[in-house]
Student: 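Submitted below is the structure of interest, expressed as structure tokens.
Remember, it's 1-based here, ligands and their atoms both numbered in the order they're listed.
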Amino acid sequence: MNISIVGTGYVGLTTGVCLAWLGHEVTCVDTDASKIEALSRGESPIYEPFLPDLMAAARPRLSFQTSYADAIAAADVVFIAVGTPSTQDGRPDLRYLASAAQASAEHLSEKFTVVVNKSTVPIGSGNWVESLIADAWSRTHGQKANGHYAIASNPEFLREGSAIHDTLYPDRIVIGADNPRALEILQRLYRPILDQSFSAPAFLPRPESVTAVPLVSADLASAELIKYAANAFLALKISYINEIGALAERVGADIGHIARGIGLDARIGPRFLQPGIGWGGSCFAKDTAALVATAAEYGLDMRIVEAARDVNRRQRQVVVDRLLTELKILKGRTIGILGLAFKPETDDLRDAPAVDIIRGLVQRGCRVKVHDPVALQRFRREQPGLDVTSCSSAELVAEDADALVLATEWAAYRDLEWAQLRGAMRNPLVIDGRNHLDRSLLEALGFRYVSIPSAGYVMPRARSAAA
Ligand code: NAD
């Protein structure tokens with residue numbers, strides 16, 4: 001099929017590259033000319049494992065451009081995957097969606113096209129996009145559209161850091177539309193993934209457990225709500241374990257053992273029960289805020305979701321409070337931060353806990369040194385106002401530090417030469433915000449080791465456990 005992807009960010013680019021790998025002809029459109037230039041040179045503008053490899057492998061069926069004209073007219077399916085960031089009051093900012101929908105509509109041809117919302121959008125957005133497209137179509141064609149297009153929703157569940165894996169081997173695919181022809185086209189498009197009949201890339205083999213992928217085919221509103229409900233549930237699972245962690249700390253219990261003890265219950269499951277400084281990233285904060293705001297429009301209080309948001313905010317402050325308790329005075333102290341991205345294997349800094357923690361420390365007069373294996377450059381670009389020292393290695397961060405805070409659970413941090421770091425530090429305090437480090441090793445080396453919340457037992461980290 002001919003596919004157009006509007007918005008070539010984490011979701012759009014991954015979707016486009018994977019669909020091209022399946023054999024579809026894909027054109028990616030983005031308003032950011034520098035992004036399109038980089039992509040046309042074969043460079044990925046984001047750090048995402050296996051993305052450059054799959055981009056290179058699918059290159060003959062992939063093109064990138066800033067103009068909608070050719071891309072949309074030939075498309076059987078147009079995916080809209082633009083950003084939907086939060087506004088001040090928690091509602092998503094739908095400006096990008098509106099402009100993508102209108103610009104696409106102006107170039108839709110007489111052939112039947114399915115316009116798919118892949119962006120996470122509030123319930124009812126499908127209908128709203130339909131009305132925008134109808135108006136733009138009438139303006140451009142001088143007549144009302146008559147069955148030339150249909151609107152669908154296809155929410156995205158990929159996780160940054162394993163985006164390609166999650167797209168080729170998803171837990172499920174959700175499609176929503178009120179038009180049966182649109183549903184049929186989307187099923188056909190995804191057939192190779194549903195049946196797992198495509199040939200797996202050599203660098204990302206098909207997991208043995210993945211033989212077929214379930215399809216949830218629903219109406220528009222249900223598909224839109226599935227996305228929010230799923231993200232809110234995952235967010236509250238994380239906040240739940242952190243809330244239990246706060247109590248565990250008071251009563252002298254170990255949250256690591258507790259998380260394992262409850263996670264082995266098949267009804268609960270171990271994933272998203274990692275205690276620590278909480279969730280971050282582009283989705284959970286904005287999607288939970290949007291869910292609360294939508295519910296409010298219908299006169300409903302989403303108290304469980306609001307509580308999950310409160311607990312998550314508190315976790316970031318806990319780090320600063322703990323440093324204050326340990327060091328007594330923060331002004332003038334040098335604090336090293338290991339990890340900036342909101343999770344490992346990505347350079348995404350949106351709503352990263354590390355950034356809030358750094359802000360809190362700078363406000364209290366600390367000198368802050370930071371390191372991240374891939375997100376340093378993006379951090380300097382996106383946070384030019386934060387007065388911190390960027391270091392090219394964890395060893396440089398440790399030099400003369402009064403404490404180290406681990407904010408992102410990069411595997412490499414566990415394997416650092418901790419004895420060397422101990423020697424370089426002014427004061428051997430480690431705050432482990434992700435329950436990631438080897439406590440017994442660090443204590444044997446003479447570190448004061450504090451985890452958030454406090455835990456001795458470190459759960460083995462499933463690859464899929466990150467938010
Ligand atoms: P992103 O910010 O990485 O990418 C959005 C892209 O859209 C940018 O490249 C931007 O230049 C482009 N854009 C904006 N307006 C445009 C327009 N009018 N025409 C063409 N391009 C335009 O965003 P993302 O992280 O890929 O998220 C996209 C959507 O997917 C959001 O709604 C998000 O909530 C949802 N989502 C994201 C993830 C994730 O992990 N990032 C996961 C699931 C769902």
Student: Charged N to carboxylate O below 4.0 Å: is that the case for E160 and R350?
Tutor: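 Result for this pair is yes, salt bridge flagged.
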
Student: Please report whether ligand 1 has a polar contact with D30, defined as an N or O pair separated by less than 3.5 Å (distance criterion only).
Tutor: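 In this structure, D30 places an N or O atom under 3.5 Å from an N or O of ligand 1.
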
Student: Where does L158 meet ligand 1, judged by heavy-atom distances below 4.0 Å: at the side chain, the backbone, both, or neither?
Tutor: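 The part of L158 near ligand 1 is both the backbone and the side chain.
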
Student: Return the residue, atom name and 0.1 Å-rounded distance of the protein heavy atom closest to atom 43 (C) of ligand 1.
Tutor: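 Going by distance alone, atom 43 (C) of ligand 1 is nearest to E156 O, 3.3 Å.
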
Student: Tell me which protein heavy atom sits closest to atom 18 (N) of ligand 1, plus the residue, atom name and distance to 0.1 Å.
Tutor: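 Result: S99 OG, 2.9 Å.
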
Student: V11 to ligand 1: N or O pair under 3.5 Å?
Tutor: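 By distance alone, the answer is yes.
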
Student: May I ask you to list the atoms of ligand 1 that are less than 4.0 angstrom from any heavy atom of V6?
Tutor: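 In order of numbering, the contacting atoms are 19 (N), 20 (C).
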
Student: Are F379 and H371 an aromatic pair, judged by ring center distance below 6.0 Å?
Tutor: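 Ring-ring flag for H371/F379: false, centres at least 6.0 Å apart.
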
Student: Below 4.0 angstrom from a heavy atom of Y96, which ligand 1 atoms are there? Numbered from 1 as shown, please.
Tutor: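 Every atom of ligand 1 under 4.0 Å from some heavy atom of Y96: 14 (C), 15 (N), 18 (N).
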
Student: Please say whether T120 places an N or O atom under 3.5 Å from an N or O atom belonging to ligand 1.
Tutor: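 Such a contact does occur with ligand 1.
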
Student: Examine ligand 1 and decide if any of its atoms is less than 4.0 Å from a heavy atom belonging to R159.
Tutor: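 R159 does not count as a contact of ligand 1 under the 4.0 Å cut-off.
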
Student: Tell me whether ligand 1 is touched by F157 - counting only heavy atoms on the residue side and a distance under 4.0 Å.
Tutor: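 F157 does not count as a contact of ligand 1 under the 4.0 Å cut-off.
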
Student: Quick one: nearest non-hydrogen protein atom to atom 7 (O) of ligand 1, plus distance?
Tutor: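 Looking only at protein heavy atoms, the one closest to atom 7 (O) of ligand 1 is G7 CA, 3.4 Å.
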
Student: Could you tell me whether S119 approaches ligand 1 through its side chain, its backbone, both or neither, with non-hydrogen atoms closer than 4.0 Å?
Tutor: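 Within the 4.0 Å criterion, S119 contacts ligand 1 through backbone and side-chain atoms alike.
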
Student: Any idea which atoms of ligand 1 are less than 4.0 Å away from a heavy-atom of S282?
Tutor: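 Those of ligand 1 that fall under 4.0 Å from S282 are 39 (C), 41 (N).
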
Student: Within the 4.0 Å heavy-atom shell around G83, which atoms of ligand 1 are there?
Tutor: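 Atoms satisfying the 4.0 Å criterion: 5 (C).
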
Student: How far does CD of E382 sit from CG of D347, to the nearest 0.5 angstrom?
Tutor: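 If I round to the nearest 0.5 Å, the distance is 8.5 Å.
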
Student: Can you check whether K118 has an N/O within less than 3.5 Å of an N/O in ligand 1?
Tutor: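 In this structure, K118 places no N or O atom under 3.5 Å from an N or O of ligand 1.
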
Student: Give the atom numbers and elements of ligand 1 that come within less than 4.0 Å of a heavy atom of G9.
Tutor: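 By the 4.0 Å cutoff, the relevant atoms are 1 (P), 3 (O), 4 (O), 6 (C), 9 (O), 26 (O).
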
Student: Checking a contact table here: which protein heavy atom is nearest atom 31 (C) of ligand 1, and how many Å away?
Tutor: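 Ranking protein heavy atoms by distance from atom 31 (C) of ligand 1, first comes T84 OG1, 3.5 Å.
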
Student: Name the closest protein heavy atom to atom 17 (C) of ligand 1, giving the residue it belongs to and the distance to 0.1 Å.
Tutor: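 Protein heavy atom at minimum distance: Y68 OH, 3.4 Å.
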
Student: Using a heavy-atom cut-off of under 4.0 Å, does the side chain or the backbone of F284 touch ligand 1, or both, or neither?
Tutor: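 Answer for F284: neither.
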
Student: Which residue and non-hydrogen atom of the protein lie closest to atom 41 (N) of ligand 1, and at what distance in Å?
Tutor: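 The closest one turns out to be E160 OE2, 2.7 Å.
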
Student: Can you name the atoms of ligand 1, numbered from 1 with element, that are less than 4.0 Å from a heavy atom of C283?
Tutor: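 Answer, ordered by atom number: 36 (N), 37 (C), 38 (C), 39 (C), 42 (C).
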
Student: Using heavy-atom distances, let me know which of V121, V82, T14 sits nearest atom 13 (N) of ligand 1.
Tutor: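 Looking at heavy atoms only, V82 sits closest to atom 13 (N) of ligand 1.
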
Student: Have a look at ligand 1 and work out which part of P155, if any, has a heavy atom under 4.0 Å from it: side chain, backbone, both or neither.
Tutor: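 Neither part.
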
Student: List the closest protein heavy-atom neighbour of atom 25 (O) of ligand 1: residue, atom name, distance to the nearest 0.1 Å.
Tutor: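 Protein heavy atom with the smallest distance to atom 25 (O) of ligand 1: R350 NH2, 2.9 Å.
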
Student: Using distance alone, decide if ligand 1 has a nitrogen or oxygen within less than 3.5 Å of any nitrogen or oxygen in K286.
Tutor: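 Yes, K286 has an N/O under 3.5 Å of an N/O on ligand 1.
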
